[in-house]
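Residue numbers start from 1 in every chain, and the chains themselves are labelled A, B, ... in the order their sequence lines are given, proteins ahead of strands.
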Amino acid sequence: MKTPFGRRGSMQVDRGDLAFNGIVFLILFILFLCIAYPLYFIVIASISDPLLVSTGGIILFPRKVTLDAYRKVVEYREIWIGYRNTLFYTAAFTALSVFMVMTAGYGLSRRNVPFQKYIIAYMTFTMFFSGGLIPTYLLMRNIHLEGNPIIIILMGCVSVYNIIIARTFLHSYVPEELFEAALIDGSDHLRYFLRIVLPLSPALIAVMVLFSAVAQWNQWFTALIYLRKQSQMPLQLVLRNIIVNSQEMLRQMEGVGVVQDGGDKGQALLLVNSMKYAVIIVSALPVMCLYPFLQKYFIKGVMIGSIKG
Amino acid sequence: MTPRSEEHPNIQGNWKRDLRRNWQVYFFLLPTVAYLFVFNYMPLYGILMAFKDFKPRLGVLGSEWVGLKHFKFFFSLGAFWNILENTVVLSVYQLAAGFPLPILLALALNSCEFPRFKKIVQTVTYAPHFISVVVLVGMINILFAPSQGILINIMYRLGYPENQYLQVLMKAGSFRPLYVWSGIWASLGWNSIIYLSALSGVDLALHESARVDGATRLQRVLYIDFPSIIPTVIILLILNCGQIMNVGFEKVFLMQTSFNLSTSEVIATYVFKTGIREGQYSMATAIGLFNSIVNFLLLLTVNRIARRFSENSLW
């Protein structure tokens with residue numbers, strides 16, 4: 001942002017201001033390092049020699065670069081089954097939840113709809129009260145959604161919060177006059193929604209697509225509770241078994257003594273270890289590729305959301 | 001954007017005409033209304049279980065009424081106070097440590113004079129927001145793993161006592177710091193966005209005149225930038241206080257091991273265990289209900305305070 005005098009346009013630079021600039025820079029730089037380093041380390045550890053990684057030999061740069069860990073990940077079938085499942089769940093979930101949020105958001109954004117305020121109350125009520133985990137679980141079991149992958153797509157596909165964001169957006173960015181005009185031209189609600197409202201809200205749709213897609217990509221809890229078959233598990237649950245599961249960890253701790261002997265078991269354990277780094281990278285790949293869009297549209301979403309406040 | 005009148009005066013109150021004109025709108029709302037009915041309203045009826053001895057064979061209605069038995073039992077448990085303490089301490093710790101930092105980051109970003117550096121810092125600090133909980137907890141486990149974890153190694157080199165460094169992950173005492181600081185690591189950048197957007201609304205003329213009057217950069221931050229985000233700060237602080245009993249289940253559950261159970265068992269994980277794992281449905285429902293009621297009361301209180309504050313603090 002430019003001030004009338006330009007940022008550094010004043011005649012003499014105050015010494016205090018210089019110190020201030022230095023401190024600001026320092027704060028940002030330290031925070032930057034704290035946040036960037038673990039991410040950076042995962043990347044370099046995943047391509048370095050496992051033995052060096054496990055003995056603390058990798059700190060700033062990758063050494064003895066090897067792709068063995070990635071090769072192991074490629075061979076690990078569960079990961080790819082999880083990947084496929086998650087891609088499917090994410091696509092279906094995103095389509096469904098965007099459909100729900102846009103239709104409901106449109107419905108709530110229309111003016112002069114009788115009983116609309118009761119429908120709004122009906123929806124917002126669910127933001128504050130819920131049956132809780134157990135009653136929901138038992139209900140799902142009763143209607144035979146337990147063990148059925150459809151539950152992954154259904155669970156959480158309506159977000160009242162997002163519906164309110166959509167309504168706020170449509171109120172402020174789609175002029176009411178357009179509706180009057182469309183009505184005079186003999187258009188009905190469906191045609192108005194498809195021909196005018198949707199084409200006017202690409203930013204909103206993008207925000208909603210990304211919100212839903214990232215949420216579903218990172219989702220594991222629903223699968224933990226409702227799914228039983230290994231072949232239906234989403235990626236995050238497979239990941240959990242590889243990188244979080246405490247039993248897996250204990251097994252690894254027992255192995256620490258074995259490592260020194262350089263035996264086969266030690267070698268295998270080392271590889272398992274570096275696989276963890278590689279698997280994190282592989283699982284985050286789609287999100288990383290989308291990151292520029294994510295950053296842009298998520299911020300937009302935060303902004304639209306805060307207008308409501 | 002100018003505010004539009006809520007209703008058109010010529011047809012105000014003429015709901016028959018509105019109905020004829022807008023009945024199709026109900027079809028747009030129908031999917032969501034139906035969904036919420038099944039997934040949010042129908043489970044409400046299961047809350048009755050908290051007051052019954054639920055037997056799956058008999059169903060919710062057929063099971064025997066027991067009044068407040070499950071609540072009384074839960075409150076009398078030795079574990080109850082421990083779980084309550086864990087829940088509250090974890091939340092308060094998280095709030096106390098995690099709340100001020102995004103404000104600091106936003107102020108620093110806003111005062112940064114190098115646009116490219118600012119952009120890089122933003123891009124990097126926002127990134128962990130998109131990391132899944134599973135990966136985040138996995139990263140904690142890997143980076144603090146005994147003897148191999150890089151952060152453990154760095155801490156060791158910086159003088160962290162050797163006899164303790166081997167078992168950071170296995171000590172009950174390290175659960176809270178790990179939970180809170182990893183959370184801050186992941187959300188710091190993201191939480192600063194809302195303050196940054198408030199800061200972008202500050203009138204530049206204020207800064208100019210302060211500069212003419214000889215105010216230093218630090219003074220301008222303290223007396224112009226910071227006061228301008230105070231309303232946002234207060235609202236967010238109050239809203240966060242309303243969430244104190246609401247510790248996120250997923251991360252605690254993933255970080256929980258048999259070693260740190262004494263600090264990591266919170267209400268949500270206890271409900272999961274008694275309900276889903278052990279099948280004590282009535283008991284778990286009762287605990288969950290207790291938690292929701294406390295949450296709701298907190299929210300109500302906090303909302304009332306917020307309303308009072310936002311009247312006084314928005315000049």
Side-chain angles (χ1 to χ4, degrees), chain A residues 3 7 14 16-17 20-21 24 27-28 31-32 35-36 38 41 54 56 100 103-104 106-107 110-114 119 123 126 128 130-139 158 172 176 188-189 214 218 220-221 225 236 239-240 243-244 246 249 253 256 276 280 287 294-295 299 302-303 306, chain B residues 1 4 7 11 15 18-19 22 24-25 28-29 31-32 35-36 40 42-44 46-47 49 105 108 111-113 121 124-126 128 130 132 134-135 137-139 141-143 146-148 150 153 185 193-194 197 204 208 216-218 250 254 257 271 275-276 281 284-285 288-289 292 296:
Chain A
T3 64
R7 264 296 186 192
D14 196 306
D17 284 0
F20 176 85
N21 278 346
V24 165
I27 291 175
L28 288 179
L31 289 176
F32 169 79
I35 290 178
F41 179 77
S54 71
M100 298 295 252
T103 50
Y106 174 76
R110 290 299 348 123
R111 290 153 211 275
N112 303 317
V113 178
I119 297 173
M123 288 185 186
T126 63
F128 301 104
S130 72
L133 178 67
I134 305 301
T136 311
Y137 170 73
L138 289 178
L139 175 71
V158 167
S172 41
E176 183 66 15
D188 55 13
H189 280 278
V214 171
N218 290 339
W220 60 281
F221 183 58
I225 292 191
Q236 296 296 328
L239 277 181
R240 171 173 168 263
I243 60 178
V244 178
S246 52
M249 260 180 58
M253 283 171 199
V256 173
K276 291 182 177 180
I280 288 179
V287 181
L294 289 177
Q295 202 189 341
I299 293 173
V302 172
M303 300 299 180
S306 65
Chain B
M1 196 137 299
R4 242 173 253 107
E7 269 150 282
I11 50 172
W15 71 272
D18 288 344
L19 199 62
N22 289 329
Q24 293 167 331
V25 171
F28 283 87
L29 294 168
T32 298
Y35 175 92
L36 290 177
N40 291 73
M42 273 168 67
L44 285 179
I47 288 179
M49 276 190 300
L105 176 62
S111 319
C112 181
E113 304 225 326
V121 173
V124 168
T125 51
Y126 297 169
F130 300 97
S132 73
V134 172
V135 169
V137 175
M139 281 173 68
N141 287 349
I142 295 170
L143 299 179
S147 82
Q148 312 181 359
I150 185 72
N153 275 320
W185 178 82
I193 292 177
I194 190 132
S197 81
L204 279 179
E208 269 327 306
T216 63
R217 293 287 311 279
L218 183 63
E250 300 196 359
L254 285 172
T257 62
V271 169
I276 307 282
Y281 298 125
T285 309
L289 182 60
S292 315
F296 187 66

Student: Taking only residues two or more places apart in sequence, or in another chain, which ones meet B:Phe296 in a ring pair (Phe, Tyr, Trp, His ring centres under 6.0 Å)?
Tutor: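 Residues passing ring pair (Phe, Tyr, Trp, His ring centres under 6.0 Å) with B:Phe296: A:Phe129.
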Student: Quick one: do A:Leu28 and B:Leu105 satisfy side-chain contact (heavy atoms from CB on, under 4.5 Å)? Show the steps, please.
Tutor: CA-CA 7 Å; A:Leu28 288 179; B:Leu105 176 62; 3.6 Å; yes
Student: Which atoms form the tightest heavy-atom contact between A:Val24 and B:Ser111, and what is the distance?
Tutor: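 Smallest interatomic distance, heavy atoms only, reads CG2-CB, 4.1 Å.
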Student: Checking side-chain contact (heavy atoms from CB on, under 4.5 Å) for the pair B:Thr285/A:Leu138: CA distance, chi angles, key distance, verdict?
Tutor: CA-CA 11 Å; B:Thr285 309; A:Leu138 289 178; 5.9 Å; no
Student: Please name the pair of heavy atoms, one in B:Val25 and one in A:Gly107, separated by the smallest distance, quoted to 0.1 Å.
Tutor: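 Looks like CG1-O, 3.4 Å.
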Student: Mind checking the CD1-CD1 spacing from B:Ile276 to A:Ile134? Nearest 0.5 Å is all I need.
Tutor: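 Rounded to the nearest 0.5 Å, the CD1-CD1 separation comes to 4.0 Å.
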Student: With chain B as the partner, which of A:Pro38, A:Gly132, A:Ser130 has the greatest number of non-hydrogen pairs under 4.5 Å?
Tutor: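 Answer, by heavy-atom pair count under 4.5 Å with chain B: A:Pro38.
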Student: Sort out for me which of B:Val137, B:Leu36, B:Leu289 touches chain A most, counting heavy-atom pairs under 4.5 Å.
Tutor: B:Leu36
Student: So which atom in B:Thr32 and which in A:Met100 form the shortest heavy-atom distance, rounded to 0.1 Å?
Tutor: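 Looks like OG1-O, 3.7 Å.
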Student: In terms of heavy-atom proximity below 4.5 Å to chain B, should A:Val113 be classed as side chain, backbone, both, or neither?
Tutor: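 Both parts, backbone and side chain.
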Student: Of the non-hydrogen atoms in B:Pro43 and A:Pro135, which two are nearest, and what is the gap between them?
Tutor: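 What the structure gives for the nearest pair is O-CB, 3.3 Å.
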Student: Do the side chain of B:Asn22 and the main chain of A:Arg111 share a donor and acceptor less than 3.5 angstrom apart?
Tutor: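 Answer holds: yes.
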Student: For chain A, which of B:Met42, B:Met49, B:Met139, B:Gln24 has the most heavy-atom pairs under 4.5 Å?
Tutor: B:Gln24
Student: Heavy atoms only, distances under 4.5 angstrom: which of B:Thr125, B:Leu19, B:Val121, B:Leu254 has the most pairs with chain A? Name it, please.
Tutor: B:Leu254
Student: Could you look at A:Ile280 and say if it's the side chain, the backbone, both or neither that has a heavy atom under 4.5 Å from chain B?
Tutor: side chain
Student: Among A:Trp220, A:Phe221, A:Tyr137, which residue forms the greatest number of heavy-atom pairs with chain B at distances under 4.5 Å?
Tutor: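 It is A:Trp220.
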Student: Pick one of side chain, backbone, both or neither for A:Val158, based on which atoms fall under 4.5 Å of a heavy atom in chain B.
Tutor: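 A:Val158 touches chain B through backbone and side-chain heavy atoms alike.
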Student: What part of B:Leu143 is in contact with chain A, defined as an atom under 4.5 angstrom from a non-hydrogen atom: side chain, backbone, both or neither?
Tutor: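 Interface part for B:Leu143: side chain.
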Student: By a 4.5 Å heavy-atom criterion (distance strictly below it), what part of A:Ile119 contacts chain B: side chain, backbone, both, or neither?
Tutor: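 Just its side chain gets close to chain B.
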Student: Side chain from CB out, backbone as N, CA, C, O: work out which of these in B:Pro128 comes under 4.5 Å of a heavy atom of chain A, or both, or neither.
Tutor: side chain
Student: Can you tell me how far the CD1 atom of A:Ile299 sits from the CD1 atom of B:Ile193, to the nearest 0.5 Å?
Tutor: 4.0 Å
Student: Hey, what's the ring geometry for A:His189 with B:Phe28, parallel, tilted or perpendicular (30° and 60° as the breaks)?
Tutor: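 Because their plane-to-plane angle is over 60°, the rings of A:His189 and B:Phe28 count as perpendicular.
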Student: With sequence neighbours excluded, what pairs up with B:Phe130 under the ring pair (Phe, Tyr, Trp, His ring centres under 6.0 Å) test?
Tutor: A:Tyr291, A:Phe298, B:Trp190
Student: Quick check on A:Arg240 against chain B: is it the side chain, the backbone, both or neither that has a heavy atom closer than 4.5 Å?
Tutor: both
